[in-house]
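On a predicted model such as this, the values are computed, not experimentally measured, just so you know. Throughout, a chain's letter reflects where its sequence line sits, starting with A, and its residues are numbered from 1.
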Protein chains: 2
Amino acid sequence: MGTRKEISELPPDADLARADSLAREIFSDVANKWAFLIIEFLGQRTMRFSELRDEVGGISHKMLTQNLRMLERNGLVERTVHPTVPPRVDYNLTEAGEALRGVVDGMCGWTQRYLGHIEASRRRFKAAQGGP
Amino acid sequence: MGTRKEISELPPDADLARADSLAREIFSDVANKWAFLIIEFLGQRTMRFSELRDEVGGISHKMLTQNLRMLERNGLVERTVHPTVPPRVDYNLTEAGEALRGVVDGMCGWTQRYLGHIEASRRRFKAAQGGP
DNA sequence: CTGTATCCGCATTGATACTG
DNA sequence: CAGTATCAATGCGGATACAG
């Protein structure tokens, strides 16, 4: 066919490779329990920092801040500061965050549906290991 | 586990509370990047230990073993030992694993669809932080 | 080839204190 | 209330060695 642009200098899949590595990085960032729990709870409604802390439960101040920053950086969470005193900061999901919430919800549903399977499997596994 | 005990003494939602804590635990177990990557790749086909290691890439021997055990314990992955020499061990997803694979696939799709959003958001975030 | 065990560095985490 | 910084400790994760 017609004249191709000279791409010989770069591997043809340079963009794909970069996208893959980026995708992997995003995957590593977001696929962790705190991020998932935050997304799940924030999906229900906008929350303040301490509300979120209470809802999630078992997360330290630092980890919550850290994960919120990460989610904000990746555009999953929007942070709104109300210049009042004392300060009030609201967090809510962006469009991308809402979209990922669908995935997290799916995982919640999965957990509920397979709770029984999992418990049974754990018993089997324990029996196979420690048992006779 | 045979005879049913009197349950009137217990709060009606004792089971629910237990289920919640268990669900949370499962969530913490499974919602990590290695588990997700393993599930994603195992979903394509049955694989041996070292195939999986190569496919996932960047995972150490130890982490792969550890996560495979965890997934096996929770009944997401089935482990088949072929008594040959040298040993051959195949791993494949169970029904529960396949079901969760749907979720993981959803996340992969999400990553692809929002790659642009995320890159843009990161630039904005960086500019807002370090910039003027 | 697969799996377990051990050692060890380094990152993650939590507690605490302090600023706005 | 929200956020940052600092420090200490725990535990993750990788490398290695060895067993089946």
Roughly, in whole Å, what's the span from NE2 in A:H82 to C1' in D:dC1? 13 Å
Contact under 4.0 Å: A:Y91 side-chain N or O vs D:dC1 OP1/OP2: no
Heavy atoms only, 4.0 Å cut-off, all strands: where does A:R53 land among base, sugar-phosphate and nothing? nothing
Nucleotide nearest A:P87 (side chain, heavy atoms from C-beta), chosen from D:dG20, D:dA2, C:dG3: D:dA2
Does C:dG3 have its OP1 or OP2 closer than 4.0 Å to a side-chain nitrogen or oxygen of B:R69? yes
Nearest-Å distance, CG (A:L68) to P (D:dG3)? 8 Å
Interatomic distance where CZ belongs to B:R88 and P belongs to C:dT2 [whole Å]: 8 Å
In whole Å, I'd like the distance from the CE atom of B:M70 to the C1' atom of D:dG13. 15 Å
Does some side-chain heavy atom of B:L22 sit less than 4.5 Å from a side-chain heavy atom of A:T111? no
Keeping B:R53 on the side-chain end and B:I59 on the backbone end, is there a donor-acceptor pair under 3.5 Å? yes
Output the residues of residues 27-52 of chain B in contact with DNA chain C, where contact means a heavy atom of the residue under 4.0 Å from an atom of the strand; sort by number or write none. B:R48, B:F49, B:S50
Quick check on contacts: within residues 57-67 of chain B, what sits under 4.0 Å from DNA chain C by heavy-atom distance? B:H61, B:K62, B:T65
Assign the ring pair B:F36 / A:F36 to parallel, tilted or perpendicular, where the plane angle (0 to 90°) is split at 30° and 60°. perpendicular
Trace of the side chain to side chain contact (heavy atoms under 4.5 Å, CB included) decision for B:R122 with A:N74: CA-CA 6 Å; B:R122 287 186 175 185; A:N74 288 321; 2.7 Å; yes
Would B:E51 and B:Y91 count as having a side-chain donor-acceptor pair, cut-off 3.5 Å? no
Any A:R79 side-chain N or O less than 4.0 Å from OP1/OP2 of D:dA2: no
